[in-house]
Amino acid sequence: MKDYQKNLNGLRILEVGSGIGFAGTLLASCGASVLLSDLPVLVEHGISSNIRRNAKIEKSTIPPKAENFFGDIESTNIGKGWASAVVLDWFKPA
């Protein structure tokens, strides 16, 4: 597991179609900065709440600038990494 975690430190990942966010939160806990995305209903009622549940309570949910790879999107510390959630509705044209 230690070699796996070393490979994820600082890695930036975009997860498209995150569902409830299981894979993304796991990757964040191992050191990656993950941007999870899905349809509005899943982000609002699944991903965002799961990110909050997995966050370290003793850490601030607003990371230092060096850690926030996603601009103005709020990131939450999970384990050794960071996770953020955004709506990506592929049924609507960009």
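One-based numbering along the sequence shown.
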Exercise. OG/Ser37 to CG/Leu14 distance, rounded to the nearest 0.5 angstrom?
Worked result: 5.0 Å

Problem set entry | Check: Asn77 side chain, Gly81 main-chain N or O, donor-acceptor pair, under 3.5 Å | yes

Exercise. Any idea which heavy atoms bring Cys30 and Leu8 closest together, and the distance?
Worked result: CB-CD1, 3.4 Å

Could you list the donor-acceptor pairs under 3.5 angstrom formed by side chains in residues 38-48, with sequence neighbours left out?
from	atom 1	to	atom 2	distance (Å)
Asp38	OD2	Ser18	N	3.0
Asp38	OD2	Gly19	N	2.7
Ser48	OG	Val43	O	3.0

Exercise. Under 4.5 Å between side-chain heavy atoms, hopping through other hydrophobics if needed: is there a path connecting Val87 to Val34?
Worked result: yes

For this session: Indicate, with yes or no, if Ile78 and Leu11 share a hydrophobic cluster defined by side-chain heavy-atom contacts under 4.5 Å among Ile, Leu, Val, Met, Phe, Trp and Tyr.
Result: yes

For this session: Keeping the roles fixed (side chain from Ser84, backbone from Glu74), state whether a donor-acceptor pair exists under 3.5 Å.
Result: yes

Seminar exercise, completed: Nearest heavy-atom approach of Leu36 to Ile51 is CD1-CD1, 4.0 Å

Exercise. Which distance, rounded to the nearest 0.5 Å, do you find between the CG of Leu26 and the CD of Glu15?
Worked result: 10.0 Å

Exercise. How close do Ala28 and Trp82 get, heavy atom to heavy atom, and via which atoms?
Worked result: CB-O, 3.5 Å

